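Written out below as structure tokens is the structure these notes cover.
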Amino acid sequence: MSDAIKHECGISLIRLRKPLEYYREKYGTAFYGVNKMYLMMEKQHNRGQDGAGFASIKLDMLPGERYMSRARSIQSQPIQDIFAQINDRINQSLAENPEYHNDVAKQKKYIPYIGEVLLGHVRYGTFGKNSIESVHPFLRQNNWMHRNLIVAGNFNMTNVSELFDNLVQLGQHPKEMADTITVMEKIGHFLDDAVAKLYKEIKKEGFTKMEASPLIAERLKLAKILKKASKNWDGGYAMAGLIGHGDAFVLRDPSGIRPAYYYEDEEVVVVASERPAIQTVFNVPYESVKELDPGHAIIVKKSGSMAIKKILEPRERKACSFERIYFSRGSDKEIYEERKNLGRFIFPQILESIDYDMKNTVFSYIPNTAETSFFGMVKEAQNYLNRKKEEQILALGSGITSEELREILEIRPRIEKVAIKDAKLRTFITQDDSRDDLVAHVYDISYGSVNPDDNLVIIDDSIVRGTTLKKSILRILDRLSPKKIIVVSSAPQIRYPDCYGIDMARLEDFVAFRAALELHKDRGTMDQVEAIYQKCLGQLKTSDEEVVNHVKEFYAPFTADEISEKIAALLCPKEVRAEVQIIYQTIESLHRACPKNLGDWYFTGNYPTPGGNRVVNKAFINFYEGKKERAYSA
């Protein structure tokens, strides 16, 4: 995507169901789980490259023996850094203790990170918060094995203040108001409560304190704990956790906003944010990897038994479509088809824009993530030309000559790789004038790929801020002297902030918002903007269930085409000679392309949870008052 956007996050959970000796015997190493976790995290590095974390739990360790390990990193290549640390520790232990090499029991006892329950996390930092303290997994420690809690997630909560207040009312003193801390402490509170109650029950049955420990692990009801803890959560989440004695869980939000997939066999239970990561790392077919239903949790007990429990009542499914368009791995079978369809479905708008002149039109894409939608666009162009060829051949009838037939058949879409991204270029100078000149050279062009007076159609997966288009892409494409440049967005206009994990928080960052604002100014309707601000202010103290998204009224006076036309005017540099047009996907075509993922709040303002409406109104207030901050807590 030409406009880089950050996203939180990716999770991996692996539960080995056999003793470590089994994996040594079958796969040649007791480090099987660690190796698989490395691959799982690498195969999801698209979901976060600012930080990474790993945690593991060893089952059935004796008192005094270390059973939990954690490693985190914010280095430039955090996944490699974590596993370099792990490998160094393993290799050092083996070098210092040669007797460990063929003794799995000693490896488990003395070498950290080797365990049966493993949790991995990759993240993007948002709003500059990228300290090591912000990196998952988070750890809540206790001398009672069952009260140790490790949490990592792909999530954002819209009601952190409310959750924080709930903890205070429970008598806690949270160390900060961050959604990860509040979520972990909420789970931890009910975990503590459940363990204490079980201990009392077991003690009444006549068991000793030491005898109680395995019975607590056996009887602990994680589903009940999660139901209590998540009761007031408002957000999108795939929340993963490990309990010190070896239970594990992954809970998905009731609207299915954030993704979670799982696979199980007699050897492993695996959960991840990306289906193809599981397919590739464990070499299993598409059909074997299941999607976790919204509002449900996968719960793996210390015994290795797995169950899927309904924790929260599922709402209307609103899985994030923007995640499908851009962030998720395009190697997923469904996502690959969805992205191709996005290119297919927008082609009729392109035809109108080029006045059906296929002969003098070059098709290309902005590397690298728009490539799949480009394939769909070109396929539809081929289908269109095939229909035209068929009409021409039938019109000429049996009298057609081989020369005429050859001339008709040779017509095909003109495809070129016009834009080339220079991944090595870094804009290291921060002074605006100098920096802009460097930004203008982030992309190279293929000289000679476009003839003067051609139409140039170039597809991107989305146009959010438009900064790179204005400062780099349009200027450099204009050097090819096309008659017209048509920039195609495979996603609709992004008009509203996200509050569920994607770093799109300020309204004024969106070029669609700035375009609508300019239209209000052009038409002398700024009094409507003031009225929307007052309505948003009036809802600050309203309960979430009653809050209405008043920002929809900001866009209501204008058609999508009017906003697109104004966007083109805002983004086209004065020195560009070609006519510039910007085409966006329609909402209807987005839904056709991604029928199972109808979460479209970025485009429509239809938020799947009550907290979303509160966030968008607060974002408008921030814009109007000139506050450069996001409308929800970190």
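All values derive from a computational prediction rather than experimental measurement.
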Which residues pass the salt bridge (Lys or Arg N to Asp or Glu O under 4.0 Å) test with D478, not counting sequence neighbours?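 With neighbours one apart ignored, the set is R577.
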
Donor-acceptor under 3.5 Å ([X] side chain, [Y] main chain):
X    : Y    : value
H45  : E42  : yes
R315 : G256 : no
S273 : I11  : yes

Side-chain heavy atoms of [X] within contact of [Y], under 4.5 Å:
X    : Y    : result
P573 : L474 : yes
S131 : I74  : no
V362 : V457 : no
I486 : N455 : yes
M239 : V183 : yes

Relative to the ring of [Y], is the ring of [X] parallel (under 30°), tilted (30 to 60°) or perpendicular (over 60°)?
X    : Y    : value
F322 : Y602 : tilted
Y365 : F374 : tilted
F363 : F347 : tilted
H136 : H121 : parallel

Does any pair with a residue in residues 342-355 pass salt bridge (Lys or Arg N to Asp or Glu O under 4.0 Å), and if so which ones, sequence neighbours excluded?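 For residues 342-355: R344-E380.
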
Residue pairs fulfilling salt bridge (Lys or Arg N to Asp or Glu O under 4.0 Å) with at least one residue in residues 580-603, sequence neighbours excluded: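 For residues 580-603: E334-K596.
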
Pick from L519, I582, V511: which one makes a side-chain contact (heavy atoms from CB on, under 4.5 Å) with K566?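 Single side-chain contact (heavy atoms from CB on, under 4.5 Å) partner of K566 among L519, I582, V511: L519.
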
Can you tell me how far apart CD1 (I346) and OG (S373) are? Round to the nearest 0.5 Å.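 Answer for the CD1-OG pair, I346 versus S373, is 9.0 Å.
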
Decide, yes or no, whether a salt bridge links [X] with [Y] under the criterion of side-chain N to carboxylate O below 4.0 Å.
X    : Y    : result
D332 : R275 : yes
E371 : R339 : no
E323 : R47  : yes
R475 : E575 : yes
E274 : R329 : no

Between Y533 and H550, is the gap from one ring center to the other below 6.0 Å?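 Here the rings of H550 and Y533 have centres that are no less than 6.0 Å from each other.
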
Taking the six-membered ring for Trp, is the centroid-to-centroid distance between Y555 and Y496 below 6.0 Å?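 When the ring centroids of Y555 and Y496 are compared, they turn out to be within the sub-6.0 Å range.
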
Would one find more than 12 heavy atoms of other residues, nucleotides or ligands at under 6.0 Å from atom CD of Q49?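 Counting other residues, nucleotides and ligands, CD of Q49 exceeds 12 neighbours.
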
Closest non-hydrogen atom pair, N156 against Y500: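 Heavy atoms of N156 and Y500 come nearest at CB-C, 3.5 Å.
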
Which atom of S353 lies closest to which atom of I583, heavy atoms considered: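 Taking every non-hydrogen atom into account, CB-CD1, 3.7 Å.
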
